[in-house]
Amino acid sequence: MTKQADFKRRVRARMAKTGESYAVARARLLGERPAAEDGWMAAALHISNGDATDLAGTGLARRIVFWRDVLHEGPVPAVGREELRRVRAAFLAGAHGVDHGEGLRTLLERDAAVEANRGGEYVLWFEADLYDQLQIVEILARLAELGVPARAVTLICIGEHPGIARFGGLGELRAEQLRELPATRACARLSSAALELATRAWAAFRAPTPEGLAGIAAVRSGELRFLGEAFDRLSREYPSTRDGLSLAERRVLAAAVQEGTAGEVFVRAAAREARPYLGDTSCFAMMERLAGGAYPLLELRPGGGPVGPGTVVRLSAVGARVLAGEEDHVRLNGVDRWIGGVHLGGREVGWRWDEGREALTMRPTYQT
């Protein structure tokens, strides 16, 4: 009995360290083969957010599709799949320098691979941040549309990892660490309820008005456990009732109070996010926008060109007033921005984020 109790303590200690279930932790301590190494996983279509994740090195994935699209930037309207590919390819070409033809082919090949596998298994490898959560709901909504049964879909999704203080993503993990994830609580075969929730979230994100975001943000799902948090973060990208800034814009301005290079400002702004949000290229483009308009909120040195890591950035006098809530960025400079299916334009936008209520609110527009 003493030996058995000691072994159980070792199993529980391993569970606490790795997040594995009791059965998996017990099997590993006994030297048994992990269940995740069964052949079904190697035969499945594996989908992840980018090739920085070494899925091939795990030996678990023979067919891999990478979902290369930053959906929380640019238009994602409620149009058909072919038209959506055209819209996204055009945006990625203009905003991220992706060759338009190559981008369109990548999206088409990605979608074709997902559709061709409809009779097989799918394994999704993703993270907790908004970038990944939007990709997850797009994929799951598509699988539901194709009639793929939920039992054929396995989701591996993490927001942290033992030994990494500020987890940035699956790309930080070695192949052997990735190989262990299917045997942890981060891995689950999905239910039809999860596919239905993802379909609702995808529709709410692409709708021409944002009323549906709050309902998704309030959801607490054991399977899509980071989805509510991600949609709450998405909602905070609407201009604030306080200053007309999105949360990301406010963090960039706050980071530029202390003059520094764009690279330094990016690092300071990113450190304020609970999860990874903007890449450096997207953040530099935001700095350019904030330094433009009739009343620039940032000053750049040298000016007149694209912002790069070495561009010197500092808060302008107008930017300081906006950051203090004394001026409204949208009313000063206007806005031309898409958030999913919603297009915000002009100097008066109806939808704002109310920080006091922590909710999206519809404000009356004013005639000029």
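In this text the structure is predicted, and so the values were computed from the model without any measurement. Residues: numbered from 1 along the sequence shown.
- Val76 places a side-chain heavy atom less than 4.5 Å from the side chain of Trp202.
- Here CZ of Arg272 is found 10.0 Å from CG of Leu247. Values are rounded to the nearest 0.5 Å.
- Screening residues 329-359 for ring-ring contact (aromatic ring centres under 6.0 Å, His included), with sequence neighbours left out, gives Trp338-His343.
- For Gln135 (side chain) and Trp67 (main-chain N/O), a donor-acceptor pair under 3.5 Å exists by modelled atom type.
- When all heavy atoms of Ala150 and Ser192 are compared, the pair lying nearest together is CB-N, 3.4 Å.
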Exercise. Just do the side chain to side chain contact (heavy atoms under 4.5 Å, CB included) check on Leu143 and Val114 with the steps written out, would you?
Key: CA-CA 8 Å; Leu143 294 181; Val114 168; 3.6 Å; yes
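- In the hydrophobic clustering of ILVMFWY residues, with side-chain heavy atoms under 4.5 Å counting as a link, Tyr131 and Leu224 come out apart.
- Here the side chains of His46 and Arg63 are not in contact, with every heavy-atom distance at 4.5 Å or above.
- A salt bridge links Asp51 with Arg68: at least one charged nitrogen is closer than 4.0 Å to a carboxylate oxygen.
- The residues Glu115 and Arg142 are annotated as salt-bridged, a charged nitrogen and a carboxylate oxygen being separated by less than 4.0 angstrom.
- Residue Ala128 comes nearest to Gly159 through the heavy atom pair CB-CA, 3.7 Å, listed as atom of the first residue, atom of the second, then distance.
- With Glu249 contributing its side chain and Leu245 its backbone, the two residues share no donor-acceptor pair below 3.5 Å.
- Judged by distance alone, with hydrogens and angles left aside, the side-chain atoms of Arg206 form a donor-acceptor pair with the main-chain N or O of Val79 at under 3.5 Å.
- Between Arg86 and Glu83 there is a salt bridge, with a side-chain nitrogen of the basic residue lying less than 4.0 Å from a carboxylate oxygen of the acidic one.
- We find that Glu145 and Arg81 are not joined by a salt bridge, their nearest charged nitrogen and carboxylate oxygen being 4.0 Å or further apart.
- A donor-acceptor pair under 3.5 Å is formed between the side chain of Gln177 and the backbone N or O of Arg174.
- Between atom CD of residue Glu180 and atom CG of residue Leu60 there is a gap of 11.0 Å, rounded to the nearest 0.5 Å.
- Taken from CG in Leu181 to OG1 in Thr58, the straight-line distance is 10.0 Å, to the nearest 0.5 Å.
- A heavy-atom distance below 4.5 Å is found between the side chains of Ile139 and Phe126.
- Arg110 places no side-chain N or O within 3.5 Å of a backbone atom of Phe66 that could act as its donor or acceptor partner.
- Placement of Val265 and Val312 in two distinct hydrophobic clusters is found when ILVMFWY residues are connected by side-chain heavy-atom separations under 4.5 Å, directly or transitively.
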Quiz item: Going through the distances and angles, do His96 and Glu73 end up as a side-chain hydrogen bond (donor to acceptor under 3.5 Å, both in side chains)?
Solution: CA-CA 10 Å; His96 291 269; Glu73 295 181 24; 3.1 Å; yes
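- Scored by the salt bridge (Lys or Arg N to Asp or Glu O under 4.0 Å) test, Glu326 finds no partners at all (sequence neighbours excluded).
- For the pair Arg236 and Asp232, the minimum side-chain heavy-atom distance is below 4.5 Å.
- By the 4.0 Å N-to-carboxylate-O rule, Glu121 lies close enough to Arg189 to be salt-bridged with it.
- Using a 4.5 Å cut-off between side-chain heavy atoms of Ile, Leu, Val, Met, Phe, Trp and Tyr, with links allowed through other members, Val318 and Leu290 fall into the same hydrophobic cluster.
- Counting only distance, with no hydrogens or angles, the side chain of Ser48 and the backbone of Trp125 share a donor-acceptor pair below 3.5 Å.
- Distance CG/Leu130 to NE2/His72: 5.5 Å, rounded to 0.5 Å.
- Contact of the Arg242 side chain with the Arg250 side chain is registered, since non-hydrogen atoms from C-beta on lie closer than 4.5 Å.
- Both Val322 and Val330 are part of a single hydrophobic cluster, where members link through side-chain heavy atoms under 4.5 Å apart.
- Here Asp132 does not pair with Arg275 in a salt bridge; the nearest charged N to carboxylate O distance is not below 4.0 Å.
- No donor-acceptor pair under 3.5 Å is formed between the side chain of Thr241 and the backbone N or O of Arg352.
- There is a side-chain donor-acceptor pair under 3.5 Å between Thr209 and Glu211.
- Here the side chain of Asp354 pairs no donor or acceptor atom with the backbone of Ala359 at under 3.5 angstrom.
- Of all heavy-atom pairs between Leu298 and Ala256, the closest is CD2-CB, 3.6 Å.
- Side-chain atoms of Tyr122 come within 3.5 Å of backbone atoms of Asn117 as a donor-acceptor pair (strictly under, hydrogens ignored).
- Taking the charged nitrogens against the carboxylate oxygens, Arg225 and Glu229 have no contact shorter than 4.0 Å, which rules out a salt bridge.
- Taking hydrophobic clusters as Ile, Leu, Val, Met, Phe, Trp and Tyr residues chained together by side-chain heavy-atom distances below 4.5 Å, Val98 does not share a cluster with Val87.
- Taking 4.5 Å as the limit, every side-chain heavy atom of Phe266 sits out of range of all side-chain heavy atoms of Val307.
- With contacts defined as side-chain heavy-atom distances shorter than 4.5 Å, the pair Leu197/Val137 does not qualify.
- Residues Cys187 and Thr154 meet the side-chain proximity criterion, which asks for heavy atoms closer than 4.5 Å.
- Distance alone, capped at 3.5 Å, is enough to place a donor-acceptor pair between the Gln133 side chain and the Glu127 backbone.
- Between Arg88 and Glu138 there is no salt bridge, since no side-chain nitrogen of the basic residue lies less than 4.0 Å from a carboxylate oxygen of the acidic one.
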